[in-house]
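Quick note: numbers below take in every heavy atom, side chains included, and nothing from hydrogens, waters or symmetry partners.
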Amino acid sequence: MTGKENKSSSMNVSVSQQVKSITLQGSATIVVQFFRYAVNSILYQRGVYASETFDRCQQYGITLFMTKDKEINEYFESVLPNLENWLARGELRGVSLVITSALTGEHLEKWDFDIHTVPTEGDTTITGRKREYGKKELAEIQKGIRNVMRQITATVTFLPLLDVRCAFDLRIYVNNEAEVMRGWIEESDSNVANPERVELRSFSTSVHRVQASVTYKADDP
């Protein structure tokens, strides 16, 4: 399932520097923020777009790169709020970034982020307070995210060179109960020919666990 046409207001994410009790909504915000930085980092590291179209920034204690392209940012802003809503309801099962040949449409790489959500019974208690599902210091969560981001950067040492003009798409996987907004369409799975899969690191907020992996087209023997 992909989302291309929706437009929504910009998503501004701010997280307290001292998070100990994690709610479902708070965890969703952290995970969606990670997705934004991870996708941008992959697009930069894999050369999907020219390096001069990215700005350098500091996040999670490391240097990352964020696109300046208006159209791409509008696409992110139409997709990410939906991801946060699904995460907050425990309905999001995973997100995939698919890199394709812009000329042939062939799938060259698939970056998977599988999501496990702890069982929940709603995000509020009977008194109306936000329900706490886990306790984890933000610094510890960010350390886990930082390790994933560093590994994404390190993949350039073994992934094949993408020597064709590329495009990308996001594939979203939700539970059958999830409400899907207009403008989203179902698509068949994105298989990579002659695939090699490498499992990367994971991180946990104590509410959501995100496991990363990348599948790429290996050279013919």
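The list of salt bridge (charged side-chain N to carboxylate O under 4.0 Å, His left out) pairs with a residue in residues 144-167, not counting sequence neighbours, is empty.
Residues T215 and E109 bring no donor and acceptor atom of their side chains to less than 3.5 Å of each other. Y60 and N147 share no donor-acceptor pair across their side chains, judged by distance under 3.5 Å alone. No hydrogens or angles considered: a donor-acceptor pair under 3.5 Å links the side chains of S27 and H208. Side-chain contact of Q58 with T63: a donor-acceptor pair under 3.5 Å is present, judged by distance alone. The closest side-chain donor-acceptor pair between T53 and D69, if any, does not fall under 3.5 angstrom.
Minimum heavy-atom separation, A88 to L24: O-CD2, 2.6 Å. When every heavy atom of L92 is checked against every heavy atom of V174, the shortest pair comes out as CD1-CG1, 3.9 Å. What you find for E199 and S213 is that their closest heavy atoms are CA-CB, 3.9 Å. Closest non-hydrogen pair, A50 versus F54, comes out as O-CD1, 3.4 Å. Considering all non-hydrogen atoms of both residues, M149 and Y37 come closest at CE-O, 3.5 Å. Nearest approach of A212 to V148, heavy atoms of both residues: CB-CG1, 4.4 Å.
At a threshold of 4.5 Å between non-hydrogen side-chain atoms, the residues R36 and N73 count as touching. The closest side-chain heavy-atom distance from D114 to V210 is not below 4.5 Å. Side chains of F168 and I42 form no contact here, defined as non-hydrogen atoms less than 4.5 Å apart. Here the side chains of E84 and T29 are in contact, with some heavy-atom distance below 4.5 Å. Residues L64 and N40 form no side-chain contact, since every pair of their non-hydrogen atoms from C-beta on lies 4.5 Å or further apart. Side-chain contact between T155 and Q45 is absent, with no heavy atoms from C-beta onward closer than 4.5 Å.
Taking OG from S202 and CD1 from I145, the interatomic distance works out to 11.5 Å, rounded to the nearest 0.5 Å. Remark: L108 CG to R46 CZ distance equals 9.5 Å, nearest 0.5 Å. Atom CZ of R89 sits about 9.5 Å away from atom CD of Q25, to the nearest 0.5 Å. Interatomic distance, OG of S41 versus CD of Q59, reported as 12.0 Å (0.5 Å rounding). If you take CD1 on I172 and CZ on R93, they are separated by 11.5 Å, rounding to the nearest 0.5 Å. For the atom pair CD of Q211 and CD1 of I115, the computed distance is 11.5 Å after rounding to the nearest 0.5 Å.
For the pair T104 (side chain) and S101 (backbone), a donor-acceptor distance under 3.5 Å is absent. Looking only at distances, a side-chain donor or acceptor of K136 sits under 3.5 Å from a matching main-chain atom of S204.
In the hydrophobic cluster analysis, where Ile, Leu, Val, Met, Phe, Trp and Tyr join through side-chain heavy atoms closer than 4.5 angstrom, V156 is grouped apart from Y49. The same ILVMFWY cluster, assembled from side-chain heavy atoms under 4.5 Å apart, contains both V164 and Y216. Under a hydrophobic clustering in which Ile, Leu, Val, Met, Phe, Trp and Tyr are joined whenever their side-chain heavy atoms come within less than 4.5 Å, directly or via other members, L97 and F158 fall into the same cluster.
Remark: aromatic rings of F34 and F203 are close, center separation under 6.0 Å. Aromatic ring centres of Y44 and F65: separated by under 6.0 Å.
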Worksheet entry | Residue pair I99, D169: steps toward the side chain to side chain contact (heavy atoms under 4.5 Å, CB included) verdict | CA-CA 7 Å; I99 299 177; D169 198 8; over 6 Å; no
Worksheet entry | Verdict with supporting geometry, L170 and F35, side chain to side chain contact (heavy atoms under 4.5 Å, CB included) | CA-CA 11 Å; L170 293 178; F35 283 144; over 6 Å; no
Worksheet item: What do the steps show when you test D112 against Y173 for side-chain hydrogen bond (donor to acceptor under 3.5 Å, both in side chains), and what is the final call?
Response: CA-CA 11 Å; D112 292 314; Y173 305 95; 5.2 Å; no
Item to complete: Give the intermediate values and the outcome of side chain to side chain contact (heavy atoms under 4.5 Å, CB included) for residues F113 and V31.
Response: CA-CA 11 Å; F113 300 93; V31 173; over 6 Å; no
Discussion item. Under the criterion side chain to side chain contact (heavy atoms under 4.5 Å, CB included), I'd like the reasoning laid out for L87 against V32: C-alpha separation, chi angles, the key distance, then a yes or no.
Written reply: CA-CA 8 Å; L87 274 166; V32 167; 3.6 Å; yes
Discussion item. Run the side-chain hydrogen bond (donor to acceptor under 3.5 Å, both in side chains) test on T100 and E106 for me, step by step, so that the C-alpha distance in whole Å, both residues' side-chain angles and the decisive distance to 0.1 Å come before the verdict.
Written reply: CA-CA 5 Å; T100 62; E106 180 185 9; over 6 Å; no
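Within 6.0 Å of NZ on K68 lie more than 12 heavy atoms contributed by other residues, nucleotides or ligands.
The existence of a salt bridge linking E77 and K70 is excluded, since no basic side-chain nitrogen approaches an acidic carboxylate oxygen closer than 4.0 Å.
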